[in-house]
Amino acid sequence: MPTAPLPHNEDERLAALYSYHILDTATEKDFDELTELASAICGTPIALISLVDKNRQWFKSHHGLAVSETDRALSFCAHAINKPDEMLQVEDAQKDKRFQENALVTGDPNIIFYAGVPLVDEGGYALGSLCVIDRERRTLTDVQQSALKILAAQVISKLKLRKKLLELEVAGKRINKLNTLLTNKEQEAMQIIEHTPLAMALHVGEDMTIRFANKIMLKAWGKNELVFGMPFNKALPELAALDFPRTMRQVYRKGIAYEQTEAHMSYMHEGQLKEFYYNYGFTPLKMPDGQVWGILNTAHDITKVVKGRQTVELAEERLRLAVQSADLGTFYLDVDTHEFVPSARLKEMLGFTADEPISYQATIDQITEEYRDKVVNAIDAAIKEGASYDIEYPIIGYHDKQQCWVRATGKVYPSTDDGKSPFFSGTLLDITERKLDEQRKNDFIGMVSHELRSPLTSISGYIQMLNIKAAKNNDETILDIAGKAKRQVQRMLTLISGFLDVARMGEGKIKLNLKRFDMAALVKEAEDESLATVTSHRVVFKPVVFTPVEADQDKILQVLTNFINNAVKYSPKDSAIQVACLTRDNIAYVSVTDEGMGIAPKDQPHVFDRFYRVESERMNTVKGFGIGLYICKEIIARHGGQIGVDSELGKGSTFWFQIPVTS
Ligand code: ADP
């Protein structure tokens, strides 16, 4: 008995059949109704839905036949499936060579007539057939044939439907399982997110739905909890425009984390376009089987840090440019390791070549002997007290032995938290030109003052002679004129000696004639002088006890007289001027208080500077050169004392100085 050849795509066909998970399942009403209908339409006692398995044919529905399967070798359907597009009709099996000896023909159920329409699925695989069988010879009419074909199509769509339902059921079960897993995982994730100090959010699904975000993240977005449950695009259109969802989706699909550092972005935040810098990352959250179920979005707002650093960088750049354009030499000295880093310009100033290595000691060695200790002490004090220094001194060039003047400033910077040891950093500015200028000015002032003094001394002598003569002649008019001329000459002499003092001070030539004397006597001297000369103001001298000091009496008197004269100059007529001398902690404190125009806080630190005069309309009516207080300051400094002013604009001033009392 010839058996049906296997279809050319048998393996795939079987796989397709198995994908329906139908073999050996219980009978189903839907299919039984179709076989019943087929048998009724075709007038046959038997109708089958036969599915051709590897070695058998199995009947999903078997109307009019008790068995549910037979051997494939006996199967008529195994023949039918070889021509998927055709119906196989065997009118008389006993006369058909293919079936004559078939046990189903020769024995029960004694098949004579067979008509089967292949059951072809979507993939084109013939799974089996819908067939009708009779124990008598017959032919199907065209109507019956087409009805059978329609019913076969029905079987296929039922099979398809059944398969779909099965798949849905499986998917449903998987989804339920997944959901339970997800909710557990999500809850764990939410706990972590809420309590972390970083901005964090949890996104799920391909549309990056925001499942949860902590307060820091909501703040970064400028949103509130209403965004929970919303897809990223809808909740955060302003950020979606920056392409975040696309990046996230890739992380979701590929399961590979994504990170960005110092990402610069601008977006609308609480109604304003703002600029931010973030370190952020998208981490895929995976199931035990590796499937991504969500994305953890973490962000760290580093805007302040980046902007701070940018400001520092900008300031550093500006400083560098400023140092360059000011032609400053700079150095850096590590206080602990003594590592010394001088700039090329600094080396040049010290007379070295720019590429010559030099030590910190070399910078000290170039200072002239006269100034060296003073500079070293100033630097030591700055290092010890963490203060800064600002000092001018001459240096001798290492190679060319040329002298030049420099102004050095420096400051100690304490050790930092990041373990950087304390360092000393400073600048050196070449001020030779300025010093030479000063020198020339001083020489000029000195020379002019000196030249002016000689004729004045002669004039003074002539006035003296005139005075004597007028006194003899009792000539009141000449006496008056001679008196006036004497006062003017005196004024001029005071001015000239002031200029000479300035010139000498600049050169450091002022010499002190130290001797021990009583400050009470000095104040008395000033009182006598003011009684004789000041008539416009009430100058009140407070009683002074015995106060011994070791100082240059003339110069200290010069300071006190200067204070009194200024008080007269800068306060209204008839106002009071108080002069006092007290001793506190072995220090003699001398003060002159007036009720005058006072000095604004911004001018107070400068009134002791050379040639400094306060600028105001009232000042224009008062003559002066701005050198008196400068001389006072130098005199007191050379006595190791202190000088100062306490003043309130419009109310008055107290000028004071203090020098040590001797025992
Ligand atoms: P001068 O009086 O010749 O200008 P000084 O050196 O004595 O020079 O004083 C410097 C400046 O300080 C003055 O020009 C004035 O502006 C201010 N000054 C000094 N003494 C007083 C004072 N008693 N009251 C108000 N201003 C004063």
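All ligand and atom numbering here is 1-based and tracks the order in the structure.
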Just distance, no hydrogens or angles: give the donor-acceptor pairs under 3.5 Å from side chains in residues 343-356, sequence neighbours left out.
residue: Ser343; atom: OG; partner: Thr330; partner atom: N; Å: 3.0
residue: Ser343; atom: OG; partner: Thr330; partner atom: O; Å: 3.4
residue: Ser343; atom: OG; partner: Leu346; partner atom: N; Å: 3.3
residue: Arg345; atom: NE; partner: Asp327; partner atom: OD1; Å: 3.0
residue: Arg345; atom: NE; partner: Asp327; partner atom: OD2; Å: 3.4
residue: Arg345; atom: NH2; partner: Asp327; partner atom: OD2; Å: 3.4
residue: Lys347; atom: NZ; partner: Ala354; partner atom: O; Å: 3.0
residue: Lys347; atom: NZ; partner: Glu356; partner atom: O; Å: 3.0
residue: Thr353; atom: OG1; partner: Asp355; partner atom: OD1; Å: 3.1
residue: Thr353; atom: OG1; partner: Glu356; partner atom: OE1; Å: 3.0
residue: Glu356; atom: OE1; partner: Thr353; partner atom: N; Å: 2.8
residue: Glu356; atom: OE1; partner: His399; partner atom: NE2; Å: 3.1
residue: Glu356; atom: OE2; partner: His399; partner atom: NE2; Å: 3.1

Aromatic contact, Phe331 with Phe424 (centres under 6.0 Å) = yes

**Message:** Applying side-chain contact (heavy atoms from CB on, under 4.5 Å) to Leu479 and Asn467, what does each step give before you reach the verdict?
**Reply:** CA-CA 6 Å; Leu479 265 177; Asn467 221 1; 3.0 Å; yes

| query | Do you see a donor-acceptor pair shorter than 3.5 Å between the side chains of Gln439 and Asp443? | reply | yes

Contacts satisfying ring pair (Phe, Tyr, Trp, His ring centres under 6.0 Å) that involve residues 531-551 (not counting sequence neighbours) are none

Taken in chain and number order and not counting sequence neighbours, the residues that satisfy salt bridge (Lys or Arg N to Asp or Glu O under 4.0 Å) with Asp390 are Arg407

Every pair of nitrogen or oxygen atoms between ligand 1 and the protein that is under 3.5 angstrom apart - can you list them with their distances to 0.1 Å?
residue: ligand 1; atom: 2 (O); partner: Lys569; partner atom: NZ; Å: 3.0
residue: ligand 1; atom: 2 (O); partner: Tyr570; partner atom: OH; Å: 2.6
residue: ligand 1; atom: 3 (O); partner: Phe625; partner atom: N; Å: 3.0
residue: ligand 1; atom: 3 (O); partner: Gly626; partner atom: N; Å: 3.2
residue: ligand 1; atom: 4 (O); partner: Tyr570; partner atom: OH; Å: 3.3
residue: ligand 1; atom: 4 (O); partner: Arg613; partner atom: NE; Å: 2.5
residue: ligand 1; atom: 4 (O); partner: Arg613; partner atom: NH2; Å: 3.3
residue: ligand 1; atom: 4 (O); partner: Gly626; partner atom: N; Å: 3.3
residue: ligand 1; atom: 6 (O); partner: Gly628; partner atom: N; Å: 3.2
residue: ligand 1; atom: 6 (O); partner: Leu629; partner atom: N; Å: 2.8
residue: ligand 1; atom: 7 (O); partner: Asn566; partner atom: OD1; Å: 3.4
residue: ligand 1; atom: 7 (O); partner: Asn566; partner atom: ND2; Å: 2.9
residue: ligand 1; atom: 8 (O); partner: Gly626; partner atom: N; Å: 3.3
residue: ligand 1; atom: 14 (O); partner: Tyr570; partner atom: OH; Å: 3.3
residue: ligand 1; atom: 14 (O); partner: Arg613; partner atom: NE; Å: 3.2
residue: ligand 1; atom: 16 (O); partner: Val614; partner atom: N; Å: 3.1
residue: ligand 1; atom: 20 (N); partner: Asn566; partner atom: ND2; Å: 3.4
residue: ligand 1; atom: 23 (N); partner: Asp594; partner atom: OD2; Å: 2.9

